[in-house]
**Q** 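Have a look at this one before I ask anything.
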Amino acid sequence: MSREIHQILSLIAGCCKNDRNSQRDLYHWLYDYAMKISYRYVSRTEEAEELVSESFIKLFKNINQFDGSRGGETEALLKGWFKRIVVNTCIDHLRRTHLKLVSQEISEESETFADKQESGIDKLMYEEIMEAVRKLTPVYRTVFNLFVIEGFSHEEISAQLNLSVGASKSNLSKARHTP
């Protein structure tokens with residue numbers, strides 16, 4: 001759901017003032033987007049919801065640092081900024097759990113988290129890709145997400161996950177070749 005610039009700026013201004021209505025509206029607007037991102041890193045809905053909640057707390061706490069004046073579309077800038085918060089929250093969580101999460105049963109629950117503006121074909125392709133990604137081990141899944149989906153370099157992944165660059169490349173290669 002696309003929003004006009006003045007609506008977004010109004011939500012941001014309200015959140016900067018700790019206005020609960022603005023926070024609620026921003027939460028409802030970005031919730032599915034955040035779930036879709038966090039669900040790429042963890043496969044249990046409860047865990048993804050917890051990470052999204054933690055991400056929103058960080059968003060509201062730091063909303064006054066958002067710089068929507070850098071040029072470009074305000075909605076895209078805000079979503080990009082929030083995406084970075086969600087991804088970092090997921091990485092921090094995986095670090096805390098030492099990337100040794102037991103692989104979870106694959107679930108069809110991600111269907112509910114598709115962006116509302118996606119077409120049926122986009123949603124179907126996304127679901128097929130995510131089903132394959134969720135079959136990966138937590139380490140392979142994380143490296144795959146960071147490299148392929150988030151666009152991190154192997155050097156950045158290495159620094160984020162405390163792996164060697166070679167291990168990052170190896171994990172990506174194994175993730176791509178896992179049936």
Side-chain angles (χ1 to χ4, degrees), residues 1-101 104 107 109-118 122-123 126-127 130 133-134 138 141-153 156-157 159-162:
M1 132 183 15
S2 182
R3 293 189 175 244
E4 292 188 30
I5 293 172
H6 72 274
Q7 290 175 316
I8 295 169
L9 294 175
S10 175
L11 284 177
I12 293 169
C15 289
C16 286
K17 296 175 185 174
N18 288 322
D19 176 64
R20 299 294 178 218
N21 290 327
S22 295
Q23 290 174 338
R24 182 194 65 233
D25 291 346
L26 190 64
Y27 177 87
H28 287 298
W29 175 48
L30 293 175
Y31 179 81
D32 288 344
Y33 177 73
M35 279 299 290
K36 186 175 175 180
I37 294 166
S38 68
Y39 210 63
R40 287 194 307 247
Y41 290 89
V42 296
S43 56
R44 287 188 344 189
T45 301
E46 299 81 22
E47 199 171 10
E49 289 171 343
E50 183 178 317
L51 291 170
V52 167
S53 294
E54 188 176 332
S55 297
F56 272 106
I57 290 169
K58 292 176 182 179
L59 171 80
F60 295 137
K61 182 178 178 183
N62 298 299
I63 192 78
N64 58 341
Q65 296 176 12
F66 173 69
D67 182 13
S69 64
R70 293 184 302 157
E73 188 180 326
T74 305
E75 178 179 350
L77 289 172
L78 180 61
K79 280 187 164 185
W81 186 68
F82 186 49
K83 179 180 182 180
R84 177 64 44 220
I85 291 171
V86 176
V87 168
N88 287 338
T89 301
C90 291
I91 290 171
D92 289 345
H93 169 74
L94 291 170
R95 259 198 224 121
R96 283 191 307 267
T97 58
H98 302 97
L99 293 173
K100 292 180 183 176
L101 300 172
Q104 304 294 323
S107 120
E109 297 177 40
S110 67
E111 296 173 14
T112 15
F113 308 125
D115 284 345
K116 293 183 181 10
Q117 63 262 29
E118 290 179 336
D122 290 340
K123 186 176 177 184
Y126 172 79
E127 290 169 9
M130 292 317 300
V133 169
R134 278 192 299 281
R141 181 183 330 135
T142 301
V143 172
F144 181 86
N145 280 325
L146 291 173
F147 187 83
V148 175
I149 298 174
E150 307 298 344
F152 281 64
S153 69
E156 292 169 320
I157 294 168
Q160 287 278 337
L161 302 179
N162 298 321

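All residue numbers refer to positions in the sequence shown, counting from 1. Remember, it's a predicted structure, so these values are computed and weren't measured experimentally. The figures here come from the full heavy-atom set of this structure, side chains too, leaving out hydrogens, waters and symmetry mates.
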**Q** Just verifying a value: how many Å separate Thr89 OG1 and Arg84 CZ, rounded to the nearest 0.5 Å?
**A**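 Taking OG1 in Thr89 and CZ in Arg84, the distance rounds to 11.0 Å.
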
**Q** Going by heavy atoms in the side chains, are Thr45 and Tyr39 under 4.5 Å from each other?
**A**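 Yes. Closest side-chain heavy atoms under 4.5 Å.
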
**Q** Using 0.5 Å steps for rounding, measure from the CZ atom of Arg40 to the OG atom of Ser38.
**A**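 If we round to the nearest 0.5 Å, Arg40:CZ and Ser38:OG are 9.0 Å apart.
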
**Q** What I'd like to find out is whether the side chain of Asn145 reaches to under 4.5 Å of the side chain of Phe152, using heavy atoms alone.
**A** no

**Q** Contact between Phe66 and Leu77 at the side-chain level, heavy atoms closer than 4.5 Å - yes or no?
**A** yes

**Q** Compare all side-chain heavy atoms of Leu78 with those of Trp29 and state whether any distance is below 4.5 angstrom.
**A** yes

**Q** Search all heavy atoms of Lys83 against all heavy atoms of Ile149 and return the closest pair with its distance.
**A** NZ-O, 4.4 Å

**Q** Looking only at heavy atoms, what is the nearest atom pair of Lys79 and Tyr33, with distance?
**A** O-OH, 3.2 Å

**Q** Nearest 0.5 Å, what's the CG-CZ distance between Leu51 and Arg44?
**A** 10.0 Å

**Q** Any chance you could measure Ile85, atom CD1, to Cys90, atom SG, to the nearest 0.5 Å?
**A** 12.0 Å

**Q** Any donor-acceptor pair under 3.5 Å linking the side-chain atoms of Glu50 with those of His93?
**A**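 Checked: His93/Glu50 side chains show no N/O donor-acceptor pair below 3.5 Å.
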
**Q** How close do Ala34 and Phe56 get, counting heavy atoms only, and between which atoms?
**A**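 Closest heavy-atom pair between Ala34 and Phe56: CB-CE1, 4.3 Å.
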
**Q** What's the shortest heavy-atom distance between Tyr41 and Arg141, and which atoms?
**A**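 Tyr41 and Arg141 have their closest heavy atoms at O-NH1, 3.1 Å.
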
**Q** Check whether any side-chain heavy atom of Leu11 sits under 4.5 Å from a side-chain heavy atom of Gln7, and report yes or no.
**A**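 No - every pair of side-chain heavy atoms lies 4.5 Å or more apart.
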
**Q** Run the side-chain contact (heavy atoms from CB on, under 4.5 Å) test on Phe82 and Lys58 for me, step by step, so that the C-alpha distance in whole Å, both residues' side-chain angles and the decisive distance to 0.1 Å come before the verdict.
**A** CA-CA 9 Å; Phe82 186 49; Lys58 292 176 182 179; over 6 Å; no

**Q** Kindly compute the distance separating CD1 (Ile157) from CD (Glu150), expressed to the nearest 0.5 Å.
**A** 10.0 Å

**Q** Side chains of Leu26 and Ile12: closer than 4.5 Å at any heavy-atom pair?
**A**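 Side-chain contact under 4.5 Å: no.
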
**Q** Is there a donor-acceptor contact under 3.5 Å from the side chain of Ser10 to the main chain of His6?
**A**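 Here the side-chain-to-backbone pair does not exist.
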
**Q** Nearest heavy-atom pair of Gly14 and Ser22: which atoms, and what distance?
**A** CA-OG, 3.4 Å

**Q** Just verifying a value: how many Å separate Leu146 CG and Glu156 CD, rounded to the nearest 0.5 Å?
**A**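 Nearest 0.5 Å value for the CG-CD distance: 9.5 Å.
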
**Q** If every non-hydrogen atom of Ser55 is compared with every non-hydrogen atom of Val86, which pair is closest and at what distance?
**A** OG-CA, 3.4 Å

**Q** Any donor and acceptor pair, going by atom type alone, linking the side chain of Asn62 with main-chain N or O of Gln65 inside 3.5 Å?
**A** no

